[in-house]
Each structure stands twice: as structure tokens, then as C-alpha cells.
Amino acid sequence: MRIAFLGLGIMGRPMAQNLVKAGHQVKVWNRTAGKTVEGAAVAATPKEAARDAEIVWLCVSDTKAVEQVLFGHDGAADSIQPGTIVVDSSTILPSASLKCAERIRSKGGDFVDAPVTGSKVGAEAGQLIFIVGARQATFDKLQPLFATMGKSAVRVGENGKGLAAKLSMNLMIALTFEGFAEALVLAKKQGVDLQPLMSLINQSMVRSGVVDYKAPFVMGRDFTANFPMRLMHKDIHLMLDAARQNGVKLPGLETVDRVYEASVHQGNENLDYAATLLTLEKSAGL
Ligand code: NA7
């Protein structure tokens with residue numbers, strides 16, 4: 001297929017690379033020049049990348065970035081033809097995504113929210129999970145592309161529902177990791193050796209996918225970003241915004257937000273979100 005891929009960050013670049021490897025004709029664009037994908041053509045603007053594309057796939061930081069790439073000067077929307085499908089894998093506010101969908105549909109195209117879970121490792125290995133809000137027929141058309149970049153794609157419902165589900169899942173990730181981090185700090189402060197503690201965690205009901213994934217990095221004190229803290233913090237704000245819009249209270253998340261605020265303030269925003277542990281350790285005098 002002819003695919004425009006917009007946004008070559010930690011997630012977008014390996015996703016685009018996997019599309020090229022599968023034999024698709026990919027044209028990439030990134031705001032900062034110099035980020036490229038082997039085997040892909042490079043466009044000077046989103047509009048140029050999207051010209052003649054059947055699919056326009058985006059993976060950029062936040063709502064503002066999505067709006068700029070689609071509807072800003074030389075935005076991809078200028079090249080939308082009847083039948084073009086725009087797929088957004090950025091994590092943004094569901095209500096903002098719905099507005100993008102309306103604008104793309106008014107040009108005869110279709111729009112899909114397809115945020116991902118799986119981090120950098122999943123993107124590189126083509127093992128992402130796509131969490132999708134889309135019309136059923138459009139979702140079906142995209143199956144081969146989801147299969148190229150991921151291990152599964154779940155259609156949650158119509159537009160916006162993929163993002164709504166993704167935010168709820170990231171809420172669990174943020175709270176689960178914070179529970180793990182607080183447990184480690186409390187144990188360490190009491191002089192508990194972390195190796196046997198990890199062995200106990202792995203054998204008991206407190207074991208979790210989040211802990212399985214993060215523990216090796218945490219135990220190795222490797223806080224380089226797989227999922228940067230600045231992006232998880234952005235997601236926490238999206239969750240709190242969505243909660244306000246829907247009359248939901250999230251007291252646990254509000255508390256975790258304060259830990260992130262402190263950690264970002266300490267200069268950890270470009271480290272992995274696991275580095276919130278460093279902030280907890282610091283306040284415990286460890
Ligand atoms: P990264 O590695 O921070 O990459 C972000 C990408 O978004 C990168 O290509 C940026 O371009 C691009 N970006 C950021 N702001 C803009 C604006 N205003 N206009 C155009 N392009 C922009 O993030 P990830 O790849 O880890 O994550 C991407 C999304 O998936 C995000 O929503 C996560 O929560 C999930 P740059 O290279 O900085 O010029």
C-alpha cells in the first residue's frame with residue numbers, strides 16, 4: 001500500500017520501519033529533519049507525504065502536534081482524497097480526536113484512533129497492541145497493517161473509544177508501577193534485600209505484567225526511556241481531563257500526578273517513568 005508516516009519518534013520510527021520491511025511504499029515526514037527510515041522516501045511537509053497516499057499514519061506527541069500535522073500549514077488534511085484513511089497512533093484526548101475525525105470525514109476520508117501499548121521494545125519487534133476506535137469496515141481494511149506492526153489489534157468501538165480504553169489502561173500502568181515503587185522504597189528503607197523480595201513478588205499474587213516488564217530495568221538501575229516520564233505525565237493529565245469531562249473522581253491518580261510533578265521538577269522528564277522511583281527514594285533519604 002501507499003502509506004504516509006508522520007512522526008518518527010521512539011514509537012513512530014520503528015513502526016514505519018516495519019511497514020517498509022513488509023514491502024509497503026512508505027513516505028515519511030518528521031518535524032525535525034534528519035530522522036529517517038531506511039527504504040522510505042522522505043517528504044518535506046505532511047501535505048507532500050500524504051499526497052496520493054491510501055493511508056496516512058501519525059504518531060506524534062500530543063493533541064497540539066496532531067492538530068498541527070493534520071490541519072496546520074501544509075498539513076496532511078490538504079491532501080486527503082475521498083477514501084483516504086487517517087490513522088492516529090498518538091495518545092491524545094478522546095474528545096479532541098473526535099473533532100479530528102469529523103474534519104477528516106468532511107473531506108471524504110475516514111479517521112481511526114489507534115493508540116498502542118507495548119513501548120519501544122514492542123514497536124521495534126512488531127509486537128505492539130493496537131487499541132482501536134473505528135468503523136468496523138475501516139478497521140477490517142487496516143488488519144494487514146496492524147498485523148505488520150503489532151501482535152494484535154482490538155476494536156473497542158466507534159471513534160474515540162480506542163483512546164478512552166488506552167487512557168484507562170495507562171492509568172492502571174501508572175498506579176501499578178507506583179505501587180511497586182513505593183513497596184520497594186518501604187522495603188529498602190527497612191533494610192530488606194531486594195533480590196529475595198523480587199523472588200517473593202514473582203511467586204505471589206502481587207506479580208503483574210508491569211512489574212515483569214519494569215523490574216529488570218529497575219533492578220539494573222537503568223532508567224533510560226522506554227516510555228519517557230514526560231509522556232506518561234502527559235497521559236496522566238489526559239486521564240484527569242477525561243475524568244473531569246465525564247464527572248469521574250480519580251483520587252489515586254491525583255496523588256500519583258503529584259509524584260510525577262516532583263520528579264519532573266527534579267529533571268527526570270526524559271528518563272523512563274520508572275524514574276519516579278528515584279524521587280520516592282530521595283524523599284525517603286535513600
Ligand atoms: P517521541 O519519541 O517524543 O516522539 C514524538 C514525535 O512527535 C516526534 O516525531 C516529534 O517530532 C513529533 N512532534 C512533537 N511535537 C510536534 C509538533 N508540534 N508538530 C509535529 N510533530 C511533533 O514520542 P513517542 O514516539 O514515544 O510517542 C508518540 C506518541 O505515542 C505519544 O502520544 C505517546 O504518548 C504514544 P521531533 O522529532 O521532535 O521534531
Side-chain angles (χ1 to χ4, degrees), residues 4-19 26-37 40 42-50 56-78 86-94 96-97 100 112-125 127-133 146 149-150 160 162-174 224-242 260 264 268-275:
F5 204 104
L6 314 175
L8 303 175
I10 293 176
M11 300 300 285
R13 195 175 172 282
M15 288 166 75
Q17 189 70 71
N18 283 331
L19 290 171
V26 181
K27 201 180 263 188
V28 296
W29 172 85
N30 192 69
R31 176 182 61 173
T32 306
K35 290 188 190 171
T36 53
V37 165
V42 179
T45 63
K47 180 180 174 177
E48 185 195 320
V56 176
W57 209 295
L58 277 81
C59 190
V60 292
S61 307
D62 53 22
T63 306
K64 193 170 139 232
V66 170
E67 287 168 353
Q68 272 174 2
V69 168
L70 288 178
F71 306 112
H73 182 64
D74 281 336
D78 288 347
V86 178
V87 187
D88 185 15
S89 284
S90 321
T91 301
I92 65 171
L93 201 59
S97 182
C100 294
V112 171
D113 50 295
V116 292
T117 186
S119 281
K120 182 185 173 195
V121 176
E124 287 171 351
Q127 293 288 303
L128 292 170
I129 300 173
F130 289 90
I131 309 166
V132 185
F146 289 136
M149 293 181 280
L163 279 164
K166 156 85 194 222
L167 289 180
S168 302
M169 287 170 70
N170 269 19
L171 182 154
M172 276 189 72
I173 294 175
T224 48
N226 276 305
F227 184 13
M229 185 182 299
R230 63 185 161 79
L231 289 182
M232 181 61 110
H233 196 207
K234 174 225 24 160
D235 286 359
I236 289 173
H237 289 160
L238 292 176
M239 294 161 207
L240 294 172
D241 284 347
Y260 276 72
V264 165
N268 295 336
E269 72 265 35
N270 289 315
L271 297 178
D272 196 85
Y273 72 88

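Both counts, for ligands and for their atoms, begin at 1 and track the order of listing.
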Asker: Non-hydrogen atoms of Lys35 versus ligand 1: any pair closer than 4.0 Å?
Answerer: yes
Asker: Tell me whether Val60 has any N or O atom under 3.5 angstrom from an N or O of ligand 1.
Answerer: yes
Asker: Please check whether Ser61 reaches ligand 1 - meaning an N/O of the residue sits under 3.5 Å from an N/O of the ligand, judged on distance alone.
Answerer: yes
Asker: May I ask you to check if ligand 1 and Leu8 share an N or O to N or O distance below 3.5 Å?
Answerer: yes
Asker: Run the side chain to side chain donor-acceptor pair (under 3.5 Å) test against Thr224 and tell me which residues pass, sequence neighbours left out.
Answerer: Asp222
Asker: Is there at least one pair of N or O atoms, one from Met11 and one from ligand 1, spaced under 3.5 Å apart?
Answerer: yes
Asker: Side chain of Asp62, backbone of Ala65: donor and acceptor closer than 3.5 Å?
Answerer: yes
Asker: Side chain of Asn18, backbone of Ala123: donor and acceptor closer than 3.5 Å?
Answerer: yes
Asker: Note the single closest protein heavy atom to atom 39 (O) of ligand 1, along with its residue, its atom name and the distance in Å.
Answerer: Thr32 OG1, 2.4 Å
Asker: Under 3.5 Å, side-chain donor or acceptor atoms of residues 225-238 against the rest of the protein: list the pairs with distances, not counting sequence neighbours.
Answerer:
residue : atom : partner : partner atom : Å
Arg230  : NE   : Asn270  : OD1          : 2.9
His233  : NE2  : His237  : NE2          : 3.4
His233  : NE2  : Asp257  : OD1          : 3.0
His233  : NE2  : Glu261  : OE2          : 3.4
Lys234  : NZ   : Ser61   : O            : 3.0
Lys234  : NZ   : Thr91   : O            : 2.8
Asp235  : OD2  : Asn170  : ND2          : 2.8
His237  : NE2  : Asp257  : OD1          : 3.2

Asker: At a non-hydrogen distance cut-off of under 4.0 Å, which region of Lys64 contacts ligand 1 (side chain, backbone, both, or neither)?
Answerer: neither
Asker: Using 30° and 60° as the class boundaries, would you call the ring planes of Phe130 and Trp57 parallel, tilted or perpendicular?
Answerer: perpendicular
Asker: Are any of the N/O atoms on Ile10, whether in the backbone or the side chain, positioned under 3.5 angstrom from an N/O atom of ligand 1?
Answerer: yes
Asker: I'd like the name of whichever of Gln68, Arg13, Glu67 reaches closest to atom 19 (N) of ligand 1 through any heavy atom.
Answerer: Gln68
Asker: Does any N or O atom in Asp62 lie less than 3.5 angstrom from one in ligand 1, N or O only?
Answerer: no
